[in-house]
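The structure presented is a predicted model; accordingly, all values stated were derived computationally and were not measured.
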Amino acid sequence: MKTDAHLSAVPLQSWLRIQREAPPLGERAEALRQALLGCPQVRQAWYLAWQPASRTYAQMDDGPRLPPGMGDPLEASDETLFAALGEQPSLTFDGLRRLPCWLAGRLRRAALHHGQALALPLQPGQPGVLLLQVDEAAGLEWLPWLRELLVQMVELASGLARSAPLLSADPQPALLLDAEARLLESNAALQELLGERALTQVGELLPVNHLPLVRACLEQSRAVESVEAQDGERILIWSFIPDVAERRVLARCREATREVREQREAARARRLYRLITENTTDLISRHTPEGVFLDATPASWTLLGYWPEELRGMAVDSLLHPQDQLQQAKQAREALEQDGYHTMSYRIRHRDGHYLWFEIASRAIRETYTGAVVEVVSVSRDITARIQAEENKRRLEDELAHTTRLITLGELASGIAHEINQPLAAVVNYASASQRYLQGVGGDPVGVDKVGQGLARITEHANHASAVIKRLRAFLRKGQRRMQALDLAEVAREAVRLCNWEAGTAQVAVSDLLPDNLPPVFADRVLLEQVLLNLLRNAIDANRERHPGAPSQVRLEASEADGCLAIRVIDQGPGVSDEQMAKLFTPFYTSKADGLGLGLSMSRSIVEGFGGALEALPAEGGGLCLECRLPLGRDDESLSNGRG
């Protein structure tokens with residue numbers, strides 16, 4: 001473990017590259033010295049080559065010069081050391097200093113104590129010795145192992161061809177491998193990828209099956225590309241390129257961590273999308289801007305009876321109900337062009353011929369540069385059951401509203417009878433008077449005029465009674481609701497006429513403050529009249545409660561705001577508490593002893609069915625204000641439609 005720690009920082013790669021190029025011995029020695037000085041534990045290094053003629057070791061590197069030995073230089077000899085290194089390739093400085101040789105004296109003069117002399121030939125047939133001075137705390141046990149490594153690297157470099165000329169200039173991490181996947185050479189980019197790890201650990205970067213890949217590459221004379229390898233959190237992509245003539249392989253890699261993870265995420269997203277689209281109960285479809293099917297999910301068979309392949313090329317309009325084809329389809333295309341998103345409900349024909357209600361949400365896909373709509377993606381949901389439930393609920397509300405009108409009519413019976421009895425009594429009186437005038441008219445022209453006046457009065461009062469009955473029949477009408485543009489003031493005044501007798505009996509004056517130029521609202525006439533009548537009768541009851549036997553007033557006001565028309569019925573009653581206000585529109589809640597508690601609840605449901613709202617607010621003086629907000633009528637509706 002300590003040996004690996006010492007060598008992990010030794011940059012031997014550059015020295016090995018020079019060694020393979022076979023330069024002069026001095027260049028090899030200096031490159032080795034520089035490489036070893038890269039190890040923090042090495043204080044200094046010298047390389048000396050054996051000189052057979054002088055029988056001494058001569059310094060070959062460019063480092064600090066060692067001093068001469070002891071005694072006569074002409075008598076200098078290192079034969080004792082040469083023989084000792086032949087028997088034992090590693091020798092400590094202390095052991096060397098005790099030898100009777102010239103180099104021992106040079107070490108003593110240089111005061112070198114902690115280190116080793118390692119036998120190391122840097123070129124064939126040229127013995128040499130490597131002197132390494134190391135820190136005393138570093139120990140010496142790792143140096144013989146270093147010597148073995150250097151010997152193997154020298155032998156390997158000596159037996160190989162010169163390096164690939166483009167390898168060192170390659171910006172991507174690259175290395176040369178022999179036929180057994182052993183490292184021959186690597187470039188600086190690979191060393192940077194290794195980081196603090198030694199070159200001997202390069203196998204950690206390669207794919208786990210790199211040996212079979214190298215062999216297959218050479219045997220089949222083909223490159224192997226896009227092989228993934230994991231290095232911790234990093235993902236590397238390797239390519240193996242054969243050099244069959246030299247029996248070696250160039251391995252190049254690139255870091256692709258982000259790319260591979262994005263591809264994996266995209267693959268997972270595609271699998272998830274496919275899982276959703278193939279199993280969702282909603283229909284997901286793609287269309288051209290003109291509304292032609294490009295594709296659809298398998299839900300098309302369950303919902304419409306068509307397989308996706310059958311829908312491709314089919315026009316969407318061909319499946320729409322005729323009433324939806326022109327107006328709604330046109331609106332959808334315009335909205336997609338302008339806003340890019342649109343939701344609408346359509347009736348779509350099933351393959352069997354019946355129609356289903358679908359809620360379709362569509363989004364436009366635009367061309368990046370021009371912004372033009374190139375495709376439309378839609379999600380369609382079958383809402384037939386919901387529409388049918390809403391229709392059944394609406395019918396139930398209409399039936400309940402009709403029943404309530406009957407009850408209201410019963411409660412107003414006294415007033416209605418009074419309103420009809422008055423014209424009928426007048427008819428009887430005028431008929432009796434006319435008969436008397438006819439008996440004595442003779443040739444009296446005055447008598448003839450009185451008979452004529454009597455008949456005119458009879459006609460007038462008979463028409464009045466007929467009008468009352470007509471209003472009652474209209475109020476009691478039962479049938480499908482008819483949404484149309486209405487004059488709110490006219491409908492309100494009709495409701496006032498229905499409750500006039502009740503208001504008069506309670507000494508309540510209904511103050512009509514409605515303008516005559518109100519914009520039309522969009523609603524059903526009978527149901528709206530029922531709502532206003534209910535609000536007026538509640539106000540009359542509240543006034544009667546607070547002002548028994550005394551005159552009081554109910555005000556009718558109206559104003560326009562935010563695309564709605566609001567009509568307010570304001571009483572002078574006792575008002576309601578906060579607790580009562582919260583329950584005011586709750587079904588079956590009532591403060592009346594004989595009330596059902598459905599009037600305000602039903603009125604709110606009716607108004608909300610028109611797209612409006614009904615709210616209660618405190619009024620000045622302690623009374624209550626009931627405000628009904630209604631949507632304005634459509635431009636293509638005429639007021640005459642609301643007066644039938």
Side-chain angles (χ1 to χ4, degrees), residues 405 408-409 411-412 414-416 418-419 422-423 464 467-468 470-472 474-475 484-547 550-561 564-573 575 599-600 603 606-607 610 612-633 639-640 642-644:
R405 289 199 296 276
T408 301
L409 186 62
E411 294 173 347
L412 295 175
S414 297
I416 294 170
H418 175 77
E419 190 171 1
Q422 278 187 330
H464 176 66
V468 172
K470 183 178 180 181
R471 289 202 306 269
L472 293 176
F475 181 69
Q484 55 193 317
L486 299 171
D487 184 338
L488 181 59
E490 181 184 340
V491 177
R493 287 162 185 157
E494 189 67 34
V496 171
R497 281 193 288 269
L498 284 173
C499 63
N500 259 340
W501 187 85
E502 187 175 15
T505 303
Q507 300 185 51
V508 176
V510 179
S511 179
D512 183 351
L513 304 177
L514 302 176
D516 291 327
N517 58 346
L518 291 174
V521 295
F522 194 64
D524 177 272
R525 183 185 186 89
V526 174
L527 292 177
L528 178 57
E529 187 176 323
Q530 180 177 354
V531 169
L532 296 176
L533 177 61
N534 187 49
L535 301 186
L536 286 166
R537 296 189 67 221
N538 279 351
I540 293 170
D541 287 343
N543 280 24
R544 181 191 291 116
E545 179 182 348
R546 186 176 181 187
H547 307 281
S552 61
Q553 185 185 59
V554 171
R555 300 198 316 274
L556 272 178
E557 298 178 354
S559 62
E560 180 184 358
C564 289
L565 187 61
I567 183 168
R568 289 175 290 278
V569 179
I570 307 168
D571 63 47
Q572 294 179 335
L600 289 179
S603 296
I606 291 173
V607 172
F610 298 156
L614 179 61
E615 302 292 342
L617 305 167
E620 294 182 5
L624 185 67
C625 171
L626 288 167
E627 181 180 83
C628 176
R629 295 190 297 277
L630 296 165
L632 296 180
L639 283 179
S640 59
R643 298 192 176 105

Report the distance from atom [atom1] of [X] to atom [atom2] of [Y], rounding to the nearest 0.5 Å.
{"X": "L565", "Y": "L488", "atom1": "CG", "atom2": "CG", "result": "5.0 Å"}
{"X": "C625", "Y": "R555", "atom1": "SG", "atom2": "CZ", "result": "8.0 Å"}
{"X": "H547", "Y": "Q553", "atom1": "NE2", "atom2": "CD", "result": "10.5 Å"}
{"X": "R537", "Y": "E502", "atom1": "CZ", "atom2": "CD", "result": "4.5 Å"}

Is there a side-chain contact between [X] and [Y] in this structure, where contact means two heavy atoms from C-beta onward sitting under 4.5 Å apart?
{"X": "I540", "Y": "R544", "value": "yes"}
{"X": "E490", "Y": "R525", "value": "yes"}
{"X": "D571", "Y": "V508", "value": "no"}
{"X": "L632", "Y": "F522", "value": "no"}
{"X": "L518", "Y": "E560", "value": "no"}
{"X": "L614", "Y": "L535", "value": "yes"}

Worksheet item: With a 4.0 Å cut-off, would you call E529 and R497 a salt bridge?
Response: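 Not counted as a salt bridge, because no side-chain N and carboxylate O are separated by less than 4.0 Å.
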Worksheet item: Just one of V521, L528, V531, I567 clears the side chain to side chain contact (heavy atoms under 4.5 Å, CB included) bar with V491, so which one?
Response: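 The single option meeting the side chain to side chain contact (heavy atoms under 4.5 Å, CB included) with V491 is L528.
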Discussion item. Once salt bridge (Lys or Arg N to Asp or Glu O under 4.0 Å) is applied, do any residues pair with R493, and if so which ones, sequence neighbours excluded?
Written reply: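 By the salt bridge (Lys or Arg N to Asp or Glu O under 4.0 Å) rule, R493 matches D512, D516.
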Practice prompt. Taking salt bridge (Lys or Arg N to Asp or Glu O under 4.0 Å) as the test, write out the residues that go with R568, two or more places apart.
Written response: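 Testing R568 for salt bridge (Lys or Arg N to Asp or Glu O under 4.0 Å), a comparison that skips the adjacent residues, returns E557, E627.
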